[in-house]
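Throughout, protein chains are lettered first and strands after them, A, B, ... in sequence-line order, and every chain is numbered starting at 1.
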Amino acid sequence: MFLLLMYAVLSAFALFCFIPFWIVFINSFADESLLQTAGYQLLPGKFSLHAYEFLLSGKQVFRSYGITIIVTIAGTALGVLVTAAYAYTLSHRKVKYRNILSFLTFLTMLFGAGLVGFYMLIANWLHLKDTVWALILPYLLNPFYAFILVSYYRTLPYELNEAATVDGANDLYIFFRIIWPISLPAIATVSLFYALQYWNDWYLSLLFIDNYKMLPLQMMIRQLMSNLNVMAYVSGSQTQYNVIVPTYGMQLAIVCITIGPIVFVYPFIQRFFIKGLTLGSVKG
Amino acid sequence: MGRRRGFGGSFVRELSRNRYLYLLALPGIAFLIVFAYMPMFGHLLAFQNYRLSDGIWGSEWVGFKNFEFFFNGKHWLRVTLNTVFLNALFLVSGLGSAVVLAVFLNEVRNKLFKRIAQSIIFLPYFISWLVVSMMALTLFSTSEGLINRALAVLGSDGVDWYLTPGVWPYILTVISAWKIAGYNSIIFLAVISGISAEYYESARIEGASRMQQMLYITMPLMRPIVMVLALLGIGRIFYGDFGMIYAIIGDNGVLFPTTDVIDSYAYRALRQQGNFSMSSAVIVYQSCMGLVTILIFNAIARKVDADSRLF
Amino acid sequence: MKRLLSVTLVFLVALVAIAGCSGKNEGEGKAPGPSGQTGDSHAADDAKLEKVTLKIMIPGDRPPDMDLVIAEAEKRMKDTINVKLDIVFVPWSDLAQKTQVTLASGENIDLIFDAPWLHINQMIASGFYEPLDDLLAKYGQTVLEKRPKQMWDYNKYGGKIMAVPLGVSYMSGNSYMVRKDIREKLGVPPIKTYEDLIAFAYKVKEQEKGIIPMTAGSATYSLVAHHALNDYETHVRPTHALGNSLMLYYKNNDGKVYNLLEDREPIGTWLANTRKWFTDGLIFKDILTTKDFQQPISAGKVAIVPNGAFGIGDSFKNTFKNNVPGGELETVTFFDSAKGANFTNFKQWNFLAVPKVSKNKERAIMFLNWANEKENYDLLSYGIEGKNWEAVGEKKMKNLDTSGYPAFGYVWIWNPVDERSDVNGDPGNEEKDAVLRDADMFTTDILAGFEFDSTPVQNEVSQYNTVDGQYYTALFNGVMDPDETLKKFEAEAGPALKKIQQELQKQIDEFLAAKAK
């Protein structure tokens, strides 16, 4: 009975999530005038590849993909390493200042960085403009993810630690050889989040990338989308604008194009946190 | 003087005793100092009549004058309450649905179903707010929205959804939960998969049913992470979800009484002025309120369950 | 151990990837130009100038053929002013933020787009832009010649030319798009007056089930504000203080500021009419939610919509044709093209400025001067001739491949002399457009040249804006009852509005007094 209910709830929610996505996916191939007149359909009657042809034309998409992939891989690797190590210290009972550190970490989440100060830091003091570092460094440690890890580390039995210490291992060894492997579910999760964060970001490139050859994917798309409003900004003139206004089909195709690679990587990461009951059995 | 030396001494002793642990934290600490604390002085703008040409140290100090535009009139209270109310709804629904999903998914024995379901519930996270707003229009449009057409079949006149402020907090809540539940459930699944299998084994030996295992093992062990996420959310409860609200509600003033949040309000107030000082003032207000709130809730969490505290 | 190894590996690969990528920053653009101070004698024209890269920041989306155009432009300039172009495009929606931080951090930009609707007033007040009078006189004769005197005289700040105005006219065209096929089907004769238009809307409501008679947009494109554009009796128009809003307005040419909360007419009547149409079901119910207000007519759902030009663009027409086979669109305008019928203050919408920090100010103006020569203007505006467009005589052009290079002269070089019009345009509309472009066809607004300094009422303006955002569009499209809403407006923003009105009036009085001397 309970099982049945469970499956019913899960299936219903999955459907609730799947249908909108299906609509996005299938309508990104729909004929534009069908979208304009009839709106989103479950199964459009007329198809066209126009949106994709437009978006994938030119060299810029591939360059942008390249930049985004590099930033995502490098940022995720560095970010996870920095965050996992930092969070371990925050969670460790031996560390006297862990609460102060936690508080100071949380504070950055509350206050954030002021825009002007932030800009000057990256552009004028660190001279990172037009480099990929400007897209990577500012997001290396996300307090939110750090706290997820802290919370996870706290659930690990402390005896693990004590046993190892008695054996003469130092904290570096304990972290990398004992804690890291048994924390893989949480680390995989945080890696996924870092990857998404880097993948989806346009803000840093808006501020710090002027060289168009280095614009990441999301920024390229943002430029395209901003043409939606040109009319509003340049009113007061008669010229008929020829700028390409993103069509309904393009808006949907953009979702599919940006989501593509993540969907591809996802099953590999999923392995770690869906395995369930087997992983947790490691014990010191 | 002596006390200070004492403090300094214990500080050094602590550092050397746990040198490897502090070494692990060093990159993180360096990062926070450089990328979070150094630019934070930018918030001083809130108390200045900031002129770009004079810079942060050269501009005139004006106290709380930049806060006036926000606190003049009575709107600030309404938008603050809206922000807190909406965020509370989002937080509870987002975490609640994710907990249910994660626990259920964990109980599923059919591997394929589990994998597929888990992947699908993550999909909404990727759909841009712009597209979500178009979908909302498809559902709620007055003349040809699906809901009104369904109501028409039932013989009802339909509702002018986009002119009815009362329903939007709940519509937004559903949308928000839909979008974030999959994301949050990943965190919970990771935590559950870290739970030692021995717990379940010994429970089974003692004859606990799956329902009981779920209630007495899985749920309590998830409590700390749920609490931590809740606390993190509470700290940011004064920050409205601008991306969502602006995409879905936009400039529809009729809906503002229930959906206008601090961020959208400040955006409207300042979009034609480009005044750094005034926008900083709003952020300072939001952060300070958030700070007070989090201190209270963290203290409560500490009392109730030390593992669930943030700091 | 294996795991640790693989992590390290990923890390190393990432590092290598970054190193390979971050190599080429800075680099070009460092060639020292002639110093930014007074142009001394050795900047002689005949000596070949050193190569200089100008960094230009303008809004938009980089067109695919930009590189071709830049290459051609650099080739043409090589033997004269020897300029290389580094053009940075910023999305329209992020323009304010990006240009602000760029200027604030003192980065070297040589030419930058700005506008009164953006933050040109604040930037000038903060001293970010170089006054251009001398530079233009010395290096920018063509720039000066290509714009009439009024355009220069009435777009000064503090008596100086602070930026080059980009514009081709002194007022925007305005009309309503109407579904011609429906009009003819219902046997309605061509629409001549506003009353005809509304009568047509009622007819659509009664006889064309499934078609919504009217929709509209926000601000200028709201029904009431759009109607006000053709108000030749009282000449109601927005003020210098509140953008497009008509909550404060000028009337006739009397130099007075009126407050809608106190002086209702004629706007009050228009609001009441529009409200009636809304309750009668003439107006699209979801009007406040549509992001692109003209989309419903191109989708064949609506019969009438305001339009910010006299004609309809080709791409819009094509979309409509695809969406509504057999449908036809026409424009109806109530514009009066008689000499002197329309008022203007000659204020332009967009400008190009030279930041103080620029190291290449002379060269920037030289480049602008070069860009305002006919054949170069053609290149930068329309792209490669024969590929992106084709000249038809001196004043017209034919579009070829606009997706490769859509005309966007309005963000950097626009001038009324060299701008071409589309050869396929409607001759009637072109006559009206010609009126808009001819400074002498207008009656000069008594407040031409006036600039409002909003700093004394900054708090009031931002407070007002939040209330405006809530009610204005709804009110001006009849979605809310005018009497009730104006009462709410009064309660929430009345005092702020009053204060802005008084401050504006004070500054206007000073301006007029100074002018009278």
*Any A:Leu110 side-chain heavy atom under 4.5 Å of B:Phe238 side chain*: no
*asked:* Heavy-atom pairs under 4.5 Å with chain B - which of A:Thr83, A:Asn170, A:Leu140 has more of them than the others?
replied: A:Asn170
_Tell me if the centroids of the rings in A:Tyr139 and B:Phe35 come within less than 6.0 Å of each other._
no
*Check whether any side-chain heavy atom of A:Trp125 sits under 4.5 Å from a side-chain heavy atom of B:Met38, and report yes or no.*
yes
_In the structure I gave you, are the side-chain heavy atoms of B:Leu291 and A:Phe106 within less than 4.5 Å of one another anywhere?_
no
*Compute the ring centroids of B:Phe31 and A:Tyr86, then answer whether they are less than 6.0 Å apart.*
no
*Do other residues, nucleotides or ligands put more than 12 heavy atoms under 6.0 Å from A:Leu4 CG?*
no
*Do A:Leu10 and B:Leu105 come within less than 4.5 Å of each other through their side chains, counting heavy atoms only?*
yes
_Under a 4.5 Å cutoff for heavy-atom pairs, which residue among A:Phe111, A:Phe18, A:Phe16, A:Phe175 has the most contacts with chain B?_
A:Phe111
_Side chains of B:Gln118 and A:Tyr266 only: does a donor on one sit below 3.5 Å from an acceptor on the other?_
yes
*Go through the atoms of A:Phe25 and report whether side chain, backbone, both or neither lie under 4.5 Å from a heavy atom of chain B.*
neither
*Given B:Phe126 and A:Thr258, is the side-chain contact (heavy atoms from CB on, under 4.5 Å) satisfied, shown in steps?*
CA-CA 9 Å; B:Phe126 293 96; A:Thr258 51; over 6 Å; no
*Under a 4.5 Å heavy-atom cut-off, does chain B meet the side chain of A:Ile187, its backbone, both or neither?*
neither
*Return yes if some donor-acceptor pair links the side-chain N/O of A:His92 with the main-chain N/O of B:Leu21 below 3.5 Å, else return no.*
no
*Please tell me if the side chains of A:Leu3 and B:Met211 come closer than 4.5 Å, counting only heavy atoms from C-beta onward.*
no
*Chi angles and distances behind the side-chain contact (heavy atoms from CB on, under 4.5 Å) call for B:Ile187, A:Phe193*: CA-CA 10 Å; B:Ile187 303 175; A:Phe193 292 171; 3.4 Å; yes
*Please say whether more than 12 non-hydrogen atoms of neighbouring residues, nucleotides or ligands are located less than 6.0 Å from CZ in B:Phe41.*
yes
_Any side-chain to backbone donor/acceptor pair from A:Arg154 onto B:Pro224? Under 3.5 Å, distance only._
no
*Would you say the side-chain atoms of B:Thr138 pair up with the backbone N or O of A:Tyr40, donor to acceptor, closer than 3.5 Å?*
no
*Verdict with reasoning, B:Glu14 to A:Val95, per side-chain contact (heavy atoms from CB on, under 4.5 Å)*: CA-CA 8 Å; B:Glu14 160 74 10; A:Val95 176; 4.1 Å; yes
*If only atom types and distance count, is the side chain of A:Tyr88 paired as donor or acceptor with the main-chain N or O of B:Ala25 below 3.5 Å?*
no
_Under 4.5 Å from a heavy atom of chain B, the part of A:Leu115 involved_ = side chain
*Looking at side-chain heavy atoms only, is the closest gap between B:Leu229 and A:Phe144 below 4.5 Å?*
yes
*Looking at side-chain heavy atoms only, is the closest gap between B:Met135 and A:Val24 below 4.5 Å?*
yes
_As a quick check of understanding, evaluate side-chain contact (heavy atoms from CB on, under 4.5 Å) for A:Ile259 and B:Leu123, giving each step before the final call._
CA-CA 9 Å; A:Ile259 203 178; B:Leu123 287 176; 4.1 Å; yes
*Nearest atoms (heavy-atom pairs only) where A:Val255 meets B:Ile127*: CG1-CA, 4.2 Å
_Ring centres under 6.0 Å, that's the criterion: do A:Tyr97 and B:Phe11 meet it?_
yes
_Donor-acceptor contact present, side-chain A:Gln251 to main-chain B:Val131, <3.5 Å_ = no
_Within the structure provided, determine whether A:Leu107 and B:Tyr37 are in side-chain contact (heavy-atom separation under 4.5 Å)._
yes
*asked:* Between A:Leu121 and chain B, with a heavy-atom cut-off of 4.5 Å, which part of the residue counts as in contact: side chain, backbone, both or neither?
replied: side chain
_Looking at A:Lys94, is its backbone amide N or carbonyl O close enough to the side chain of B:Asn18 to form a donor-acceptor pair, meaning the two atoms are under 3.5 Å apart?_
yes
*Apply side-chain contact (heavy atoms from CB on, under 4.5 Å) to A:Leu15 and list each qualifying residue two or more places apart in sequence or on a separate chain.*
A:Ile19
